[in-house]
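Read the structure below first, then the notes.
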Amino acid sequence: MIVLKSPAEVEKLRRANVIVVEVLKVLEEYVKPGIATIELESRCEEELRRKKARPAFKSYKDYPFCLCTSINEEVVHGMPSKRKLGEGDILSIDLGVYLNGFYGDAAVTLPVGEITEEAKRLVRVTSTALDRAVEAAREGNRLMDISAAIQQCAESEGFSVVRDFVGHGIGRELHEAPQVPNFGIPGRGVRLKEGMVLAIEPMINAGASAVRVLDDGWTAVTADGKLSAHFEHSVAITKKGPLVLSNL
Ligand code: MF3
Ligand code: CO
């Protein structure tokens with residue numbers, strides 16, 4: 001069942017999401033060669049404490065951190081560690097927070113120092129795929145119009161979309177219906193309606209779409225070891241069109 005949100009509830013979701021993006025902005029400043037991802041986690045904890053918001057991922061299905069930090073061939077759910085970022089890496093930072101009964105969820109992929117042209121193109125295309133998906137998140141459209149927009153962006157550039165992880169509805173729960181796949185046939189799926197709030201999260205691979213999960217039980221990596229990028233916004237469908245909640 002898809003839970004529709006009132007304008008007042010959308011506003012609460014926006015507040016949670018603003019915290020997510022404010023913290024992501026702070027963390028961006030620290031993303032440089034030589035920093036360990038666990039240091040980003042510590043900075044994040046401090047910021048959340050200051051803002052009186054709760055981390056959403058920590059303790060979710062026993063996940064032990066506030067952040068997911070996924071480097072290079074890591075697709076999603078990479079865990080902060082003592083591993084230091086190196087020049088040329090790409091880093092996805094994914095953060096969820098809980099504030100006043102509602103969740104916020106967003107992610108960005110950032111370059112570490114100077115990255116290759118191919119890595120730049122992957123990051124750019126994934127970000128553009130999210131923009132196109134947001135554009136499709138409007139009343140009258142169908143859910144798969146969002147999915148198809150992402151797939152089209154990725155595949156027209158010779159990249160592939162991850163099929164084993166999906167976006168999701170978001171609200172009083174971190175993961176609500178509907179699932180939002182990153183591939184699909186336009187015109188299919190539920191009709192989009194005012195009050196739906198979706199976390200749209202393209203995960204795009206430079207090589208093939210297959211992923212596997214490491215023995216840590218969390219880290220998803222590309223099966224072929226090639227790069228993967230990930231962006232995420234929480235988006236409300238309104239009469240006036242898509243409203244990106246995870247924007248400053
Ligand atoms: N943004 C991802 C999601 O919404 C991150 C979840 S990490 C987890 O699914 F630890 F909470 F699972
Ligand atoms: Co999400």
Side-chain angles (χ1 to χ4, degrees), residues 2-3 5 13-14 16-24 27 37-38 40-41 44-45 48 53-71 74-81 90-99 102-110 126-127 129-131 133-134 137 143 146-147 150 161-183 196-205 211-222 228-237 242 244-247:
I2 299 175
V3 181
K5 282 83 184 178
L13 276 153
R14 195 185 65 81
N17 274 288
V18 164
I19 290 182
V20 172
V21 279
E22 282 176 350
V23 175
L24 288 176
L27 298 181
T37 49
I38 196 70
L40 298 175
E41 171 75 11
C44 177
E45 279 184 325
L48 291 182
R54 274 191 8 214
F57 302 162
K58 199 168 187 158
S59 79
Y60 177 87
K61 293 186 178 163
D62 290 329
Y63 185 76
F65 299 102
C66 306
L67 295 175
C68 296
T69 51
S70 309
I71 305 168
E74 296 174 357
V75 178
V76 284
H77 305 164
M79 291 191 279
S81 75
I90 59 172
L91 171 72
S92 144
I93 310 181
D94 191 350
L95 173 63
V97 311
Y98 183 74
L99 180 80
F102 288 87
Y103 284 92
D105 189 4
V108 289
T109 297
L110 303 168
T126 309
S127 168
L130 178 54
D131 292 343
V134 167
L143 184 65
I146 296 173
S147 309
I150 293 167
V161 294
V162 171
R163 290 161 184 261
D164 296 5
F165 297 96
V166 293
H168 48 95
I170 183 167
R172 291 183 186 275
E173 303 290 339
L174 175 62
H175 294 147
E176 295 185 359
Q179 294 196 346
V180 185
N182 292 317
F183 63 97
M196 289 182 182
V197 182
L198 304 174
I200 304 173
E201 43 184 321
M203 294 154 241
I204 298 183
N205 294 351
V211 303
R212 66 188 175 89
V213 176
L214 299 185
D215 288 338
D216 63 22
W218 282 103
T219 314
V221 298
T222 56
S228 185
H230 175 216
F231 283 84
E232 178 175 19
H233 268 317
S234 296
V235 183
I237 290 156
V244 176
L245 304 176
S246 44
N247 259 347

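Each ligand, and each atom within it, is numbered from 1 in the order the structure gives.
- Of all atoms in ligand 1, numbered sequentially from 1 with element shown, those under 4.0 Å from a heavy atom of D105 are 1 (N), 3 (C), 4 (O).
- For the 3.5 Å distance criterion, the side chains of S234 and D105 fail to qualify, holding no donor opposite an acceptor.
- H175 lies apart from the Co ion (ligand 2) in this respect, since none of its N, O or S atoms is found at a distance under 2.8 Å.
- Each of the atoms 1 (N), 2 (C), 5 (C) of ligand 1 lies under 4.0 Å from some heavy atom of D94.
- Between the Co ion (ligand 2) and D105 there is an N/O/S contact shorter than 2.8 Å.
- Within the structure, the closest approach of K61 to ligand 1 does not fall below 4.0 Å when heavy atoms are considered.
- Annotation: angle subtended at the Co ion (ligand 2) by E232 OE2 and H168 NE2 is 110°, to 10°.
- Taking atom 9 (O) of ligand 1 as the reference point, the nearest protein heavy-atom neighbour is H175 NE2, 2.8 Å.
- Heavy atoms of other residues, nucleotides or ligands lying less than 6.0 angstrom from CG of D62 number 12 at most.
- Atom numbering of ligand 1 starts at 1 in the shown order; those under 4.0 Å from a heavy atom of E232 are 1 (N).
- The single protein non-hydrogen atom nearest to atom 8 (C) of ligand 1 is Y60 CD2, 3.8 Å, given as residue, atom name and distance.
- With a 4.0 Å heavy-atom cut-off, ligand 1 is reached by the side chain of C68 but not by its N, CA, C or O.
- The closest approach between F65 and ligand 1 stays at or above 4.0 Å for every heavy atom of the residue.
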